[in-house]
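Below is one structure, written out as structure tokens, with a few remarks after it.
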Amino acid sequence: MAKIGETESTNKINMIGVGTTIEGSINSNENIRFDGNLVGNLNTKGKVFIGQSGKVQGEIRCNNCEIEGVVDGKVVVTELLSLRSMSKVYGEIKTGKLAIEPGATFTGKCDMGGKKEDNIAPAAKPKAE
């Protein structure tokens with residue numbers, strides 16, 4: 001049972017279909033499957049699935065995300081971001097884990113939260129002949 005003030009996740013899926021265009025922000029506590037066109041931001045505590053015909057121009061914030069369509073903007077994912085083979089992502093990615101299938105297109109900046117280690121050994125220099 002959820003505590004007072006918390007929402008219970010019921011694994012419901014909000015679906016935005018092909019041919020639908022939304023201009024503005026979408027906020028949800030549930031999963032979202034997006035096959036339409038969004039000009040704006042998408043923010044959910046669940047999973048986002050951008051279908052093959054889906055196009056998002058703006059920012060996506062969620063726990064998990066799977067992309068088959070086109071995203072032009074910023075994608076912030078707490079856990080796992082999966083770029084499927086037909087996906088096209090242009091912009092900035094910030095995620096905990098990233099999976100990219102062969103054929104996917106990604107142009108931009110990626111931050112996985114790792115810190116650069118100072119103790120990495122430099123590459124061996126080739127011997128002079």
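Just so you know, residue 1 is the first one in the sequence shown, and it goes up from there.
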So which heavy atom on [X] is nearest to which on [Y], and how close?
X: M86; Y: Q52; answer: CG-CG, 3.6 Å
X: P102; Y: S85; answer: O-CB, 3.1 Å
X: C65; Y: V77; answer: CB-CG2, 3.8 Å
X: M112; Y: C110; answer: CG-SG, 3.9 Å
X: L80; Y: T95; answer: C-OG1, 4.2 Å
X: C62; Y: G46; answer: CB-O, 3.5 Å

Heavy atoms, side chains only, cut-off 4.5 Å: are [X] and [Y] in contact?
X: I32; Y: L42; answer: yes
X: F34; Y: I26; answer: yes
X: I22; Y: N37; answer: no
X: V71; Y: Y90; answer: no

Would you check if the side chain of S53 reaches a backbone N or O of D35 as a donor-acceptor pair within less than 3.5 Å? yes
Main chain of K47, side chain of N31: is a donor-acceptor contact present, judged purely on distance under 3.5 Å? yes
Between E59 and R61, does any NZ, NE, NH1 or NH2 come within less than 4.0 Å of an OD or OE carboxylate oxygen? yes
Are any of the side-chain nitrogens in K97 or E79 under 4.0 Å away from the carboxylate oxygens of its partner? no
Once you round to the nearest 0.5 Å, how far does [atom1] of [X] lie from [atom2] of [Y]?
X: F49; Y: M15; atom1: CZ; atom2: CE; value: 9.5 Å
X: I60; Y: K74; atom1: CD1; atom2: NZ; value: 12.5 Å
X: K94; Y: D111; atom1: NZ; atom2: CG; value: 4.5 Å
X: I13; Y: E30; atom1: CD1; atom2: CD; value: 9.5 Å
X: I93; Y: I67; atom1: CD1; atom2: CD1; value: 6.5 Å

Walk me through it: do I50 and V56 pass the test side chain to side chain contact (heavy atoms under 4.5 Å, CB included)? CA-CA 8 Å; I50 307 296; V56 176; 3.7 Å; yes
Run the side chain to side chain contact (heavy atoms under 4.5 Å, CB included) test on V89 and L83 for me, step by step, so that the C-alpha distance in whole Å, both residues' side-chain angles and the decisive distance to 0.1 Å come before the verdict. CA-CA 8 Å; V89 177; L83 303 183; 3.6 Å; yes
Run the side chain to side chain contact (heavy atoms under 4.5 Å, CB included) test on E66 and S82 for me, step by step, so that the C-alpha distance in whole Å, both residues' side-chain angles and the decisive distance to 0.1 Å come before the verdict. CA-CA 5 Å; E66 221 172 294; S82 297; 3.9 Å; yes
Would [X] and [Y] show up in the same hydrophobic cluster when neighbours are defined by side-chain heavy atoms closer than 4.5 Å?
X: V18; Y: V70; value: no
X: V48; Y: V76; value: no
X: V75; Y: F106; value: yes

